[in-house]
Engineer: 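Before we start, here is the structure in question, set down as C-alpha cells.
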Amino acid sequence: MTQFGKGCHLHLIDGSAFIFRAYHALPPLTRKSDGLPIGAVSGFCNMLQKYVEDSSGPDAPTHVAVIFDKGSHTFRNDLYDLYKANREAMPEDLRPQIPLTRTATLAFNIACKELEGYEADDIIATLTCQAREAGGRVTIISSDKDLMQLVGDGVEMLDAMKNKRIDRDGVFEKFGVFPERVVDVQALAGDSVDNVPGAPGIGIKTAALLINDFGSLEELLDRAGEIKQPKRRQTLIEKREQIELSKRLVQLDCETPLDFSLDDLEVRDPDPEVLLGFLTEMEFRTLTKRVADKFGKDAPVLPEAAPAAAGAEAGAAPEMPAIDPAGYAWVKTAEELAPWIAEAQQRGWVAVDTETTGLNEMACDLVGISLCITPGKACYIPLAHRAVATDDLFGSDELAEGQMPMQDALDLLKPLLEDPAVMKIGQNMKYDAKIFARYGIGITPIDDTMLMSYAMHGGLHGHGMDTLSERYLSHTPIPIKSLLGSGKNQITFDRVPVEDAVKYAAEDADITLRLWTIFKPQLHQVHVTRVYEGLERPLVPVLAEMEMTGVQVDRDTLSRMSNAFSQKMAQLEAEIHDLAGESFNVGSPKQLGEILFDKMGLEGGKKGKTGAYATGADVLEDLATEHELPARVLDWRQLSKLKSTYTDALQEHINKETGRVHTSYVIAGANTGRLASTDPNLQNIPVRSEEGRRIREAFVAPEGKTIVSLDYSQIELRILAHMAGIDALKEAFREGQDIHAMTASEMFNVPMEEMTPEIRRQAKAINFGVIYGISGFGLARNLRIPRGEAQAFIDRYFERFPGIKTYMDETVAFAKEHKRVETLFGRIIHTPEISASGPRAGFAKRAAINAPIQGTAADIIRRAMVRMPGAIAEIPAKMLLQVHDELIFEVDQGAEDDLIAAARSVMEGAAEPVVKLDVPLVVDAGRGKSWAEAH
DNA sequence: CCTGTCACG
DNA sequence: GACGTACGTGACAGGG
C-alpha cells in the first residue's frame with residue numbers, strides 16, 4: 001500500500017449532488033421486474049461509469065472516494081434549529097434509492113464514506129485538509145459553492161456538469177474574494193437555500209466589497225461604526241450575533257472524527273463479477289452491456305421482459321446485438337434488393353433513410369437509400385454516387401461502380417413504400433417523404449422516431465438522431481462530418497466513396513429501427529399515444545405538402561425595396577457619422593457603445609457581462625429623447641434588419657424551378673408544441689411597423705388566385721380563461737367583448753364607456769404578462785413604469801381574478817411534483833429545471849406557467865391543420881403557411897367565400913370533440929392579392 | 001462559435 | 001442594493 005503523500009492525487013466526489021442531479025435529469029423510471037423506482041440509481045451509475053472512463057490518463061487520481069450526507073440532524077441544527085429548515089422533503093420515489101447508491105458505489109469498488117451527524121461537505125473538508133498537509137493534490141468533484149472555501153494550494157474543484165475546473169481565480173470570480181475569505185462573504189450574504197440568515201439586505205456583491213475593505217469579517221464587525229451607509233451600518237451592528245452564527249453555520253469542519261485514513265481510499269479496480277452482478281440485479285441493460293464490453297466479457301443475461309413493458313428503464317433496449325458495420329450490406333443489383341423488400345413485406349415494417357446531396361429537400365438530389373428490418377442487419381442501396389477520380393481534384397461525373405439504375409430501384413421500392421400494410425419507420429420522415437414525393441413516391445404509412453421522442457421527452461433533450469442514439473442506445477453514430485468534411489472543402493454525399501457511405505447510411509437505418517423498437521411500446525406507457533398519433537405524426541404529410549407548395553414571392557418588389565433601403569441607410573449613416581464627429585461601423589454594438597458613452601459621454605451606459613455597453617432598442621429609445629444620434633441609429637437599425645433579413649435574404653430563397661419560397665417547418669423544435677419555421681423563417685415576417693409591413697406586399701397570389709388569411713382571435717387568453725376557470729373572462733369572451741377593455745374596467749373601476757386607450761393598453765400588457773408568468777420587474781419594464789406601480793397592478797389583478805393566481809400556483813406545484821406540465825390535449829412538457837435554485841428557478845417557473853397555455857394553442861392549430869386537407873378537398877385552394885395562430889391559403893378567385901367558411905369551421909371547432917372549451921374560439925379572416933392585404 | 005440585436009406569435 | 005426576470009422562436013452581423 002502506498003502512503004498518501006507528495007505526488008498523490010485525491011478525488012472527492014460529492015455523492016449527494018450526483019444523486020440529486022441524476023434524479024432530476026431522468027424520468028421516473030422503475031425496475032421492470034418489480035416496479036422499484038430506479039431512475040436516480042440508473043443516472044448515478046451512468047455518472048460513475050462516465051467518471052471512471054474520464055478519469056484515466058496522466059492526471060488520473062491515485063485515491064478516490066464518494067462522500068455522502070448521513071442523517072438529517074447535524075451539529076449545525078444544534079447551533080441553529082432552522083438550518084436547512086426550508087428544504088423540501090425528499091421525494092417519495094427517491095428515498096428507497098438512497099441505500100442503493102451506496103451499494104452502487106461499492107460495486108464500482110470506490111470507497112464510500114459518510115458519518116452520522118456530519119454533512120458530506122465536512123468530511124470532504126477534513127479529507128482535503130489532511131491531503132493538503134500530506135503534500136498531495138485534491139480535486140473536489142462538486143459544484144457546491146460552500147466547498148469553494150477549500151480551493152487553493154493544490155486543491156481544485158471540478159464542476160462535472162460543465163466540465164469546468166475552478167481554481168483560486170475561479171473562486172474570486174464567483175465570490176469577489178479568495179477562498180480564505182469565502183466564509184466571511186457567505187456569513188454576510190447568507191444562503192436562502194440552506195436557510196442561513198446572514199445580514200439582511202446584503203448579498204454576495206456587497207459582502208465582498210465590505211470584506212475587501214476591512215480585510216476580514218471580525219475586523220468589519222468590530223469597526224462597523226465606520227461604515228458610511230446608515231442602513232448598512234445599522235444592520236451590521238444590530239445583527240452581529242446573527243452574522244456570527246451564520247459564519248459558524250457555513251464554516252466547514254476540518255476536524256471531523258473519521259474512522260478511516262487517506263490510505264484507505266486508494267484507487268482499486270472493480271471486480272467484474274461484483275459490478276456486473278449489481279448492474280444486472282438493477283436490470284440496467286445498456287449499462288450492463290457497456291461495462292461488460294469494457295471488461296471484454298459477455299453481458300449477463302437479463303430476465304426477458306414482455307415486449308409491452310420493454311424499456312421502462314432509460315436506454316433499456318430489448319435484446320439487441322451491438323451496432324457493427326459488419327452487419328451492413330451494399331446492395332448492388334435488383335436481385336440483391338428483392339429479398340429485403342420481401343422481408344419488409346413479410347414483417348410489416350421497415351426503417352428507411354434517404355441520403356441526398358444537400359439539406360434542402362426542394363433543391364437536392366437522391367443519392368442512396370438504406371433499409372433496416374432487424375436490429376444489426378441493414379443495407380444501403382447506392383444510386384447516384386460519383387466515381388472517385390484519381391487524377392483531378394473535383395471528382396468525376398461518372399457514376400461509381402456497384403450501383404443499380406436509380407429508376408429500377410425506385411420502381412421496385414415504390415410498391416413497398418406505398419403499401420398500406422407495411423409501416424415505414426424514419427427519423428424526421430418529413431424530409432424523406434419530400435424527397436420521395438419528388439420521385440413520384442407517396443410514402444405511407446409512417447412512424448417517426450423523432451416525433452415519438454418529442455411526444456415522450458419534450459423538454460428533456462433534443463430529438464435529433466445523434467442525441468437519441470447516445471441517450472437510448474449509448475452509441476455515437478458516425479459523424480456526417482467525417483465523410484463530408486466541413487467548411488469550404490466540404491463535399492456532397494454523392495462524392496463519398498460507396499464503402500464509407502454503406503457504413504454511415506446503413507447505421508442510420510439501424511439506429512432508427514432500434515429507437516423505434518424501444519419507443520413504440522413506451523408511447524402507451526407514458527400516455528402520449530394520442531398526442532403522437534393525433535398531433536405529431538399526421539402533421540408530417542400536411543407540412544410536407546405545404547412546404548412543397550411554397551408561396552409566391554415577387555422578386556421585383558423586394559429588389560425595389562432593397563434599393564430604397566440602401567439609399568436611406570447611406571443617408572442615415574452619413575448623418576450618424578456627422579453627429580459622432582467620426583466614421584465608425586454603425587452596425588457594431590461595441591463601436592456604437594463606445595461612441596455614445598465614452599466619446600459623447602451620455603448617461604446611462606451599462607456594461608453587460610462581456611464588458612460591452614448595452615445598446616439595445618430600449619436603451620437607445622431612452623437616449624433618443626435627448627439626442628439625435630441614437631434616434632438615427634434606431635432608424636438605421638430598422639432598415640438594416642429589413643434589408644438583410646428580409647428584402648435581400650428572401651430573394652435568395654426563391655426556388656429556381658418553382659419561382660416560389662419554400663420554408664421548412666421544424667415539428668419537434670419548440671418545447672411547447674409550436675412549430676418553428678426555418679430557411680427562411682416565414683413566421684417572423686414584419687407586421688408591427690408600417691415600413692416592415694410592406695414586406696408582406698411581396699407575398700402574392702399568382703394570376704387568378706387570392707391570398708386568404710385566417711387567424712385565431714386572442715386564443716391564448718381564451719385558453720387561460722378556460723383553464724383557470726375565470727368566469728368574468730369567459731363571460732366577456734362569450735359576449736364578444738373587448739377583453740382588454742373589460743380587464744381594464746374591472747381593475748381600475750372605469751366604466752366601459754369611459755375607457756381610454758392608455759388604460760386599455762396597460763390592461764392589455766397585464767393580460768399578456770399573465771400568460772408569460774408575470775413579474776413586477778417584467779411588467780414594469782414593458783410598461784416603462786416604476787416597479788412598485790407594476791407590482792400594485794399585479795396585486796390588483798390577482799385580487800380581481802383570484803382564479804388566475806390559483807392557476808399559476810397550482811401549475812407550478814404540479815410541475816414540482818411531476819417534473820412536467822400538460823396541455824389540455826395531453827401533450828407533456830417536461831420541466832426538469834423547476835426545482836433548480838437561483839435565477840433559473842424563476843425562468844423555469846414562468847416557463848411552466850406559460851407552457852400549458854401556449855402548448856394548448858399549438859395543439860389546437862395542429863388539430864386544425866391535420867383536418868384541413870380533408871375539409872377543403874373540394875375547394876381549389878392550398879394551405880401555404882402557418883404562423884402560430886394564423887393559417888394562410890392560396891385560393892382560386894371566386895372560391896374565397898367557400899374556403900373561408902370551410903377553414904373557419906375547422907379552426908373554430910378544432911378543440912372538439914376531445915376538449916369542450918368554456919369559451920368560443922373565434923377566427924378572423926382576410927383576403928387580398930398579397931399577404932399585406934389579406935392580414 | 002458566441003453574443004447582441006431584432007423580427008414574429 | 002442578494003441575484004435577475006416577462007413566454008416561445010430564428011436570422012443576421014460583428015468579433016474573437
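Residue numbers start from 1 in every chain, and the chains themselves are labelled A, B, ... in the order their sequence lines are given, proteins ahead of strands. This one's a predicted model, so the numbers in the text were calculated from it and none came from an experiment.
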Engineer: Among the nucleotides C/dC7, C/dG10, C/dA6, which one has an atom lying closest to any side-chain atom of A/R781?
Structural biologist: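 That would be C/dA6.
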
Engineer: At under 4.0 Å between heavy atoms, what does A/I771 touch on the DNA or RNA strands: base, sugar-phosphate, or nothing?
Structural biologist: nothing

Engineer: A/D146 and A/Q186: side chain to side chain donor-acceptor pair (under 3.5 Å), yes or no, with the steps?
Structural biologist: CA-CA 8 Å; A/D146 295 343; A/Q186 285 183 294; 2.7 Å; yes

Engineer: Which part of the nucleic acid does A/A614 contact within heavy-atom distance under 4.0 Å: base, sugar-phosphate only, or nothing?
Structural biologist: sugar-phosphate

Engineer: Check the distance between C/dG8's C1' and A/R827's CZ and give it to me in whole angstrom.
Structural biologist: 13 Å

Engineer: Among C/dA6, C/dT9, C/dC7, which is the nearest nucleotide to the side chain of A/A676?
Structural biologist: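 So the side chain of A/A676 is nearest to C/dT9.
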
Engineer: Look at all strands and tell whether A/A617 reaches a base, only sugar-phosphate, or nothing, counting heavy atoms closer than 4.0 Å.
Structural biologist: sugar-phosphate

Engineer: Determine whether A/T615 and A/R637 satisfy the following criterion, side chain to side chain donor-acceptor pair (under 3.5 Å), listing intermediate values before the conclusion.
Structural biologist: CA-CA 11 Å; A/T615 66; A/R637 278 210 185 140; 2.9 Å; yes

Engineer: Sticking with atom P, work out how far C/dA2 lies from B/dA7, rounded to a whole angstrom.
Structural biologist: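 Result for the P pair: 35 Å, nearest Å.
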
Engineer: Mind checking the P distance from C/dG4 to B/dT3? Whole angstroms is fine.
Structural biologist: 16 Å

Engineer: How is A/S775 classified with respect to the nucleic acid when contacts are heavy atoms under 4.0 Å: base, sugar-phosphate, or nothing?
Structural biologist: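 Since a base atom lies under 4.0 Å of A/S775, the category is base.
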
Engineer: Using the six-membered ring of A/F565, assess whether NZ or CZ of A/K643 lies under 6.0 Å from its centre and within 45 degrees of the ring axis.
Structural biologist: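 Judged by the rule (NZ or CZ under 6.0 Å from the ring centre, within 45° of its axis), A/K643 is not positioned above A/F565.
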
Engineer: Identify whether any heavy atom of A/K641 sits under 4.0 Å from a base atom; if not, whether one sits that close to sugar-phosphate; answer base, sugar-phosphate or nothing.
Structural biologist: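 Result for A/K641 = base.
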
Engineer: Identify whether any heavy atom of A/A189 sits under 4.0 Å from a base atom; if not, whether one sits that close to sugar-phosphate; answer base, sugar-phosphate or nothing.
Structural biologist: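 Contact class for A/A189: none.
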
Engineer: Would you mind classifying the nucleic acid contact of A/A765 as base, sugar-phosphate or nothing, using non-hydrogen atoms under 4.0 angstrom?
Structural biologist: base

Engineer: Please state whether the phosphate of C/dG15, meaning OP1 or OP2, lies under 4.0 angstrom from any side-chain nitrogen or oxygen of A/S588.
Structural biologist: yes

Engineer: Tell me what A/A649 touches on the nucleic acid: a base, only sugar-phosphate, or nothing, going by heavy atoms under 4.0 Å.
Structural biologist: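 Sugar-phosphate only.
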
Engineer: Show your working on salt bridge (Lys or Arg N to Asp or Glu O under 4.0 Å) between A/R784 and A/E621 and close with a plain yes or no.
Structural biologist: CA-CA 11 Å; A/R784 297 169 166 272; A/E621 269 162 35; 3.3 Å; yes

Engineer: Give me the distance, rounded to whole Å, that separates C/dC3 from B/dC6 when you measure between the C1' atoms they each carry.
Structural biologist: 27 Å

Engineer: Does A/R846 count as lying over the ring of A/F843, i.e. NZ or CZ under 6.0 Å from the six-ring centre, within 45 degrees of the axis?
Structural biologist: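 Yes - A/R846 lies over the ring of A/F843, closer than 6.0 Å to its centre and within 45° of its axis.
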
Engineer: Should the side chain of A/R674 and the base of B/dG9 be counted as holding a donor-acceptor pair, with the cut-off at 3.5 Å?
Structural biologist: yes

Engineer: Which nucleotide wins on minimum distance to the side chain of A/P686, given the candidates C/dT5, C/dA11, B/dC8?
Structural biologist: B/dC8

Engineer: May I ask you to check whether A/F801 and A/Y797 place their ring centres under 6.0 Å from each other?
Structural biologist: yes

Engineer: Using heavy-atom distances to pick each residue's nearest nucleotide on DNA chain C, tell me which of A/N850 and A/I202 is more 5'.
Structural biologist: A/I202

Engineer: Round to the nearest Å and state the distance from A/Y665 atom OH to C/dT9 atom C1'.
Structural biologist: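 About 13 Å, once rounded to whole Å.
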
Engineer: Please determine if a side-chain N or O atom of A/S689 lies less than 4.0 Å away from the OP1 or OP2 oxygen of B/dA7.
Structural biologist: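 No, no such contact exists.
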
Engineer: Which part of the nucleic acid does A/G769 contact within heavy-atom distance under 4.0 Å: base, sugar-phosphate only, or nothing?
Structural biologist: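 Base contact.
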
Engineer: Select from A/I794 and A/H653 the residue whose nearest nucleotide in DNA chain C is closer to the 5' end of that strand.
Structural biologist: A/I794

Engineer: Indicate, yes or no, whether a donor-acceptor pair under 3.5 Å links the base of B/dG9 to the side chain of A/R688.
Structural biologist: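 Per atom types, the contact qualifies.
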
Engineer: Taking only Lys NZ, Arg NE, NH1 and NH2, and the carboxylate oxygens of Asp or Glu, determine whether A/D809 and A/K805 approach each other closer than 4.0 Å.
Structural biologist: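 Judged by the 4.0 Å cut-off on N to carboxylate O distance, A/D809 and A/K805 do form a salt bridge.
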
Engineer: Hey, does A/T615 reach any base, or is it just sugar-phosphate, or nothing, if we go heavy atoms under 4.0 Å?
Structural biologist: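 Here A/T615 touches the backbone only, sparing every base.
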
Engineer: Which part of the nucleic acid, if any, lies within contact of A/G842, taking any heavy atom under 4.0 Å across all strands shown: a base, the sugar-phosphate backbone alone, or nothing?
Structural biologist: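 No contact at all - A/G842 keeps every heavy atom at 4.0 Å or more from the nucleic acid.
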
Engineer: Do A/R787 side-chain and C/dT5 base share a donor-acceptor contact under 3.5 Å?
Structural biologist: yes

Engineer: Just checking A/N684: base, sugar-phosphate only, or nothing, at a heavy-atom cut-off of under 4.0 Å?
Structural biologist: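 Counting heavy atoms under 4.0 Å across all strands, the contact made by A/N684 includes a base.
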
Engineer: Between C/dG15 and A/Q591, is there an OP1 or OP2 to side-chain N/O distance shorter than 4.0 Å?
Structural biologist: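 Result: yes.
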
Engineer: Measure the acute angle between the ring planes of A/F768 and A/H740, then classify it against the limits of 30° and 60° as parallel, tilted or perpendicular.
Structural biologist: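 Answer is tilted, since the angle falls between 30° and 60°.
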
Engineer: For the side chain of A/F843, starting at C-beta, report the closest nucleotide among B/dG9, C/dT5, C/dG14.
Structural biologist: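 The nucleotide sitting nearest to the side chain is C/dT5.
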
Engineer: Rounded to the nearest angstrom, tell me the gap between atom CG in A/D859 and atom P in C/dG8.
Structural biologist: 16 Å

Engineer: So what does A/L642 hit on the nucleic acid, given a heavy-atom distance under 4.0 Å: a base, only sugar-phosphate, or nothing?
Structural biologist: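 Counting heavy atoms under 4.0 Å across all strands, no contact is made by A/L642.
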
Engineer: Measure from CG on A/D679 to P on C/dG10 and round the result to the nearest Å.
Structural biologist: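 One finds 10 Å between P of C/dG10 and CG of A/D679, rounded.
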
Engineer: If B/dA7 has a Watson-Crick or G-U wobble mate with both distances under 3.5 Å, name it; if not, just say none.
Structural biologist: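 Across all strands, the one nucleotide that pairs with B/dA7 is C/dT9.
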
Engineer: How close or far is atom C1' of C/dC7 from atom CD1 of A/I719, stated in whole angstroms?
Structural biologist: 14 Å

